[in-house]
Amino acid sequence: MTTLLKELFDATVDGDRETVLTTVAQALETGEEPGVILNEGLIAAMAEVGARFERAEFYVPEMLIAARAMQAGLAVLQPHLVAAKVKKVGTVIAGTVKGDLHDIGKNLVSMMLEGAGFEIIDLGTDVPPEKFVEAVRESSPDLLAMSALLTTTMPGMKLTVEALRAAGVRNGVKIMVGGAPLTQRYADEIGADGYAADASKAVRLAKSLVA
Amino acid sequence: MSESETASQNRKFEIEFEPVGRRAVTGAGSTLLSAAQEVGVQLVAVCGGIGICGSCRVRCMEGSLAPTEPEEEVEFTAEELSDGWRLACRARALSDVKLDIPSTSLATAQRLQLEGATTSDSSEPSVTAYQVEVEPPGLYDLRPDWERVEAALFQEQVMPRASSVHVVQHVCDRMREMSWKGRVIVRGERGAEEIVTVLPTDVPMLGLAFDIGTTKIAGYLVDLDTLQTVSRAGVVNPQIAFGEDVVSRIACANRERRLETQLRSRLAEALNELARQLTTGSGNAATRVVDAVVVGNTAMHHFFAGLSVRQLGEAPYVPVTCSSLSEPARDLGLDLSPGTTVYLPPNIAGYVGSDHVSALLAGDILSREGRVVVLDIGTNTEISLKIADRLISCSCASGPAFEGAHIQDGMRALPGAIEHVRLSGGALHVQTVDSDRPVGICGSGILDVVASMLEAGIIDRRGRFYATHPRVRSRDGELEFLLVPAEAAGHGRDIVVTSKDVVEIQLAKGAVRAGIEILCSTAGIKSSEIDTLVVAGAFGTYLDAKSAMTVGMFPRLSEDRIEQIGNAAGTGAIRMLCSASERRKAQLIAERAEYVELTTHPDFADVFTDRLFFELVRNQGVDSDARTRDVSGANARAAATDQRPSTEMQ
């Protein structure tokens with residue numbers, strides 16, 4: 001790994017957004033392949049963040065800050081990745097269900113997935129079942145990730161799974177769910193394909209679902 | 001000891017404690033702390049008064065004290081000493097003295113605050129009593145009972161409107177029982193009065209104020225003749241059986257009609273029980289209660305008022321109504337006097353309820369000058385900023401960490417809970433509720449611990465432990481800090497602070513601070529420009545403002561700009577009970593409030609993320625004027641010290 005990529009890696013793990021931005025720009029200037037910057041700089045760094053999280057060396061605050069730095073770098077890199085036709089690991093539609101406006105958890109998972117090489121189509125918050133169905137029809141994603149922070153809005157997940165089934169698009173997509181009030185049991189009950197308790201586990205789950 | 005010294009030891013001096021307003025008479029030999037203890041002024045004395053923790057700081061305003069002792073010279077700068085700062089556990093009086101106690105040195109601001117809170121400037125209760133004596137019916141006076149009472153009131157220029165049949169029957173029964181003499185209680189404005197009930201001639205008018213919290217319900221009994229709070233009591237909110245937090249209770253009500261009805265009736269039962277406790281405790285009966293005010297968060301308000309809570313659980317979390325309500329007590333399931341009306345002050349939004357309006361009222365928000373922030377920290381933290389004619393409010397989900405939940409050795413503020421921690425000379429000193437042997441840590445304690453660990457360099461800017469610290473150890477791969485070893489603990493087990501505990505505090509303080517920052521930026525000011533930060537609520541009473549600033553939950557302000565006003569929601573409710581003009585003020589507060597929704601605010605996630613880490617400021621204590629502080633310099637130092645942990649971690 002070049003010194004510059006090592007610097008990008010460290011800055012991403014540390015959540016140092018400014019350094020991430022400058023090193024990504026420098027790496028591009030020096031003619032580094034966008035795919036290499038992504039894989040060896042950002043994706044490798046987020047894998048390290050996930051590993052530290054699982055070793056209880058990192059917690060949600062560090063993960064949020066690292067993910068935010070990664071995303072800033074990715075935004076600069078994005079047009080170059082498109083131009084270089086770098087292949088994605090998979091496409092994920094993400095959204096917080098109807099009636100729920102909370103997005104910090106959903107955004108963290110989205111960022112971690114992005115950091116693992118997924119392409120994210122973020123539908124935002126307060127997303128009704130029909131909107132999920134429409135998005136699945138339009139983009140045929142590999143994964144659909146739903147989030148809910150409130151006990152009162154969890155039922156929106158069940159409604160969405162049912163709507164996907166009714167529209168005949170359920171089988172073409174894997175469904176994963178998460179959020180503070182959720183459990184594996186609830187995920188099983190509503191017929192989701194997986195549940196993850198935190199953002200790091202969500203990445204592992206997503207990878208296993210598209211494998 | 002010389003003769004003159006002995007003589008001065010025999011002399012008695014008067015010590016005046018401000019702003020508490022208590023006086024103690026003491027001999028020259030005893031310390032200011034023991035004088036305070038004698039009269040029940042509860043100074044914080046974390047180390048037990050042995051001069052090492054520096055928590056009992058007081059300032060001498062008038063009079064003279066014995067020369068400073070070595071411990072005081074360590075604790076204070078020369079400037080502070082010349083300003084009159086002393087340690088109450090060391091200093092002794094040489095004359096009558098007047099002391100100023102900063103709120104941070106006071107353990108019981110709440111209770112003291114409450115005592116003085118009922119006397120508002122222009123109190124005019126919503127109910128009035130008229131002594132009425134009517135002629136009994138006779139062969140030559142065949143007027144019915146009720147018209148007799150009306151005629152007597154007419155002589156007082158009161159023309160009551162039609163009353164409900166319950167009130168008519170009750171009043172007439174009582175008048176006959178009391179030989180046609182009694183105090184007729186009337187509510188409402190001139191020309192539109194309504195009869196509430198009639199009381200025996202020597203019985204006071206009683207009023208009840210309730211503050212329905214998600215966890216606890218507080219009740220206050222007020223004598224509406226003298227406007228004194230007669231008694232207070234609290235019960236656990238019985239809805240807890242249906243869910244710990246507001247949202248899970250709403251979800252429960254959504255599931256089944258039967259559960260919704262139960263959630264409502266349990267609340268009314270709890271209020272009735274409190275009303276019974278409070279009135280019988282003072283030799284009265286709940287049926288003599290002629291007026292009531294109920295405040296609560298919007299969900300509690302809706303449950304109690306019989307409004308639908310479903311929409312509070314779904315975006316955009318809009319209440320059924322924010323208007324103030326006046327409902328007959330009987331319709332709300334309360335067994336008070338037959339004609340009693342319950343006043344429910346207005347709400348501001350789905351997650352900023354009438355309890356916050358009440359706290360703003362108690363904090364005199366409308367009449368304050370400058371940029372004033374009022375906040376009530378709980379599972380949900382409500383924050384308002386007043387600047388000129390604007391009042392901006394928001395609510396942020398700060399989680400239950402400060403209530404001791406989600407903290408490994410966390411507990412509520414019960415006996416044995418560590419409520420204060422001070423770091424001094426590298427050693428930690430803990431103070432527990434009721435000075436029992438420690439068994440856990442409550443909200444103010446966990447805040448102090450995290451602040452102390454930051455100051456002592458036990459945790460870094462990111463909130464991670466330095467693994468090399470002698471009291472930091474690893475358990476199941478996670479680092480934890482040994483706060484109290486098993487042999488010193490009340491239950492014989494180690495009391496620890498885990499990495500996860502610190503994270504909980506980071507998330508909670510980050511949310512509160514982000515709320516403050518967003519309000520300030522909405523108003524176009526910096527948080528360092530806040531003139532007064534008013535902290536309300538139970539946790540807010542006991543928290544150490546300095547610790548709150550150290551962890552970054554509050555912006556750095558000089559201590560005299562921070563006011564801890566105790567259970568302000570309850571105080572505000574009492575004020576509204578005592579005065580109709582306070583109800584109008586509450587109305588004005590709610591009308592003026594602009595609500596900012598944080599979950600959809602474009603900057604919230606970013607500001608929140610920014611505030612998760614700690615700011616390390618090496619110079620302990622608070623700058624006298626945060627506005628002139630060199631922020632860039634402080635950040636640079638923080639960044640420099642931050643290099644250390646990452647190398648040690650790896």
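Lettering of chains follows the sequences in order, A, B, ..., and the numbering in each one begins at 1. Any value given below was found using the heavy atoms of this structure, including those in side chains, with hydrogens, waters and symmetry copies removed.
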Checklist entry - How far apart are the C-alpha atoms of B:Asp606 and A:Arg68, what are their side-chain angles, what is the distance that settles it, and do they pass the side chain to side chain contact (heavy atoms under 4.5 Å, CB included) test? => result CA-CA 9 Å; B:Asp606 217 27; A:Arg68 187 172 68 170; 2.6 Å; yes
Checklist entry - Would A:Tyr59 and B:Glu478 count as a side chain to side chain contact (heavy atoms under 4.5 Å, CB included) if you check the C-alpha gap in whole Å, the side-chain angles of each, and the deciding distance to 0.1 Å? => result CA-CA 11 Å; A:Tyr59 290 84; B:Glu478 288 200 51; 2.6 Å; yes
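Contact annotation: the side chain of A:Leu150 approaches that of B:Tyr317 to within less than 4.5 Å [non-hydrogen atoms, C-beta and beyond]. Counting only heavy atoms from C-beta outward, the side chains of A:His102 and B:Thr600 never approach each other to under 4.5 Å. Side chains of A:Thr152 and B:Asn254 form a contact here, defined as non-hydrogen atoms less than 4.5 Å apart.
For chain B, the nearby part of A:Ile104 is the side chain; its heavy atoms alone come within less than 4.5 Å. No part of B:Leu312 comes within reach of chain A, as not one of its non-hydrogen atoms sits under 4.5 angstrom from that chain. Looking at B:Asp610, both its backbone and its side chain come within 4.5 Å of chain A, counting heavy atoms on both sides. Heavy-atom distances place both the backbone and the side chain of A:Asp100 under 4.5 Å from chain B.
The backbone N or O of A:Pro61 lies less than 3.5 Å from no partner atom in the side chain of B:Arg462, so there is not a single donor-acceptor pair.
Crowding of B:His469 atom NE2: a count of heavy atoms from other residues, nucleotides or ligands under 6.0 Å exceeding 12. Applying the 6.0 Å contact sphere to CZ of A:Arg185 captures no more than 12 heavy atoms from other residues, nucleotides or ligands.
In terms of heavy-atom proximity, B:Gly477 sits nearest to A:Ala56 at O-CB, 4.1 Å. Residues B:Gly313 and A:Thr153 come closest through the heavy atom pair O-CG2, 3.6 Å.
A salt bridge links B:Arg464 with A:Glu62; the closest basic N to acidic carboxylate O contact falls under 4.0 Å.
Counting heavy-atom pairs closer than 4.5 Å to chain A, the top residue among B:Leu612, B:Val502, B:Thr599 is B:Thr599.
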